[in-house]
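Notes follow the structure.
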Amino acid sequence: MSEWLDVGADNYVLVTEGSLLNTGLIVGSERAMVVDAGCGPRQGREILDAVREKTSLPLVVVNTHAHYDHFFGNAVFASDGATEFWAHENCAREIDDHGDLQRRFVGTLEPEMSTGEGENVELVVPNAIVKDQPVLVDLGGITVTLFYLGRGHTDGDLLVGTPTTLFVGDLVEQGAHPSFEDSYPEEWADSLRHISALRHRYEFLIPATASPAATSSSRPWPTP
Ligand SMILES: [Zn+2]
């Protein structure tokens, strides 16, 4: 069922439909990194099952920001043995302080997550924190840079850079207009200028959220 797109050596993207999401996967020789975990145990399980078709390595997880579709699936990965959950400090604080308030958004897609009753419905607050300085995460043979460009789509958007690929969270959306709810539009424009300035450094730019029009047949921009 799952269809991974290759986006650079050992870099992959999976589109899952629960809450339309592009999940990243970066596979090193010792560990693999999952970028965004889905909106609850159902989507999280779908992502984890697809990841396990690709690799049996221990997993580390990144939440690009504190919107439910990016972190509500964390508990599924914790149950698989993941202990390292990365996020920007503002994202981790938001999940810790107000994460439960977002359960009301997933009543249809993830009824267990919505009511908090069932398996893998607890909030897993990121425990590996990025502040203003970039952090390098060694997966064995491939090093990933986690970095923050300031406030934008939220106040805690984390970017994930690999030798070939830049995962930008919801700072850029695929086939949809930007989502402004808790954003900082003027600073967001600055972040986008930064991202644009990086375009020669990466072959692939991967938005985290896909619109209904963007299916797995859509190629992330830019293609080589
Ligand atoms: Zn978002």
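Both ligands and their constituent atoms are indexed starting at 1 by order of listing. These values consider heavy atoms only, across backbone and side chains, with no hydrogens, waters or symmetry-generated copies.
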Original post:
N/O/S atom of H65 under 2.8 Å from the Zn ion (ligand 1), yes or no?
Top reply: yes

Subject >> Atom of D170 closest to the Zn ion (ligand 1), considering N, O or S atoms >> reply: OD2

Original post:
Would you say D69 reaches the Zn ion (ligand 1) with an N/O/S atom under 2.8 Å?
Top reply: no

Original post:
If you measure from OH on Y68 to CD on Q43, what distance do you get to the nearest 0.5 Å?
Top reply: 9.5 Å

Subject >> Name of the residue among E94, Q102, H153, E181 meeting side chain to side chain donor-acceptor pair (under 3.5 Å) with H67 >> reply: H153

Subject >> N/O/S atom name from H67 that is nearest to the position of the Zn ion (ligand 1) >> reply: ND1

**OP:** State, without any angle test, whether R193 and S196 hold a side-chain donor-acceptor pair at a distance under 3.5 Å.
**Re:** no

Subject >> Passing option when D100 is tested against R104, R103, H98 for side chain to side chain contact (heavy atoms under 4.5 Å, CB included) >> reply: R103

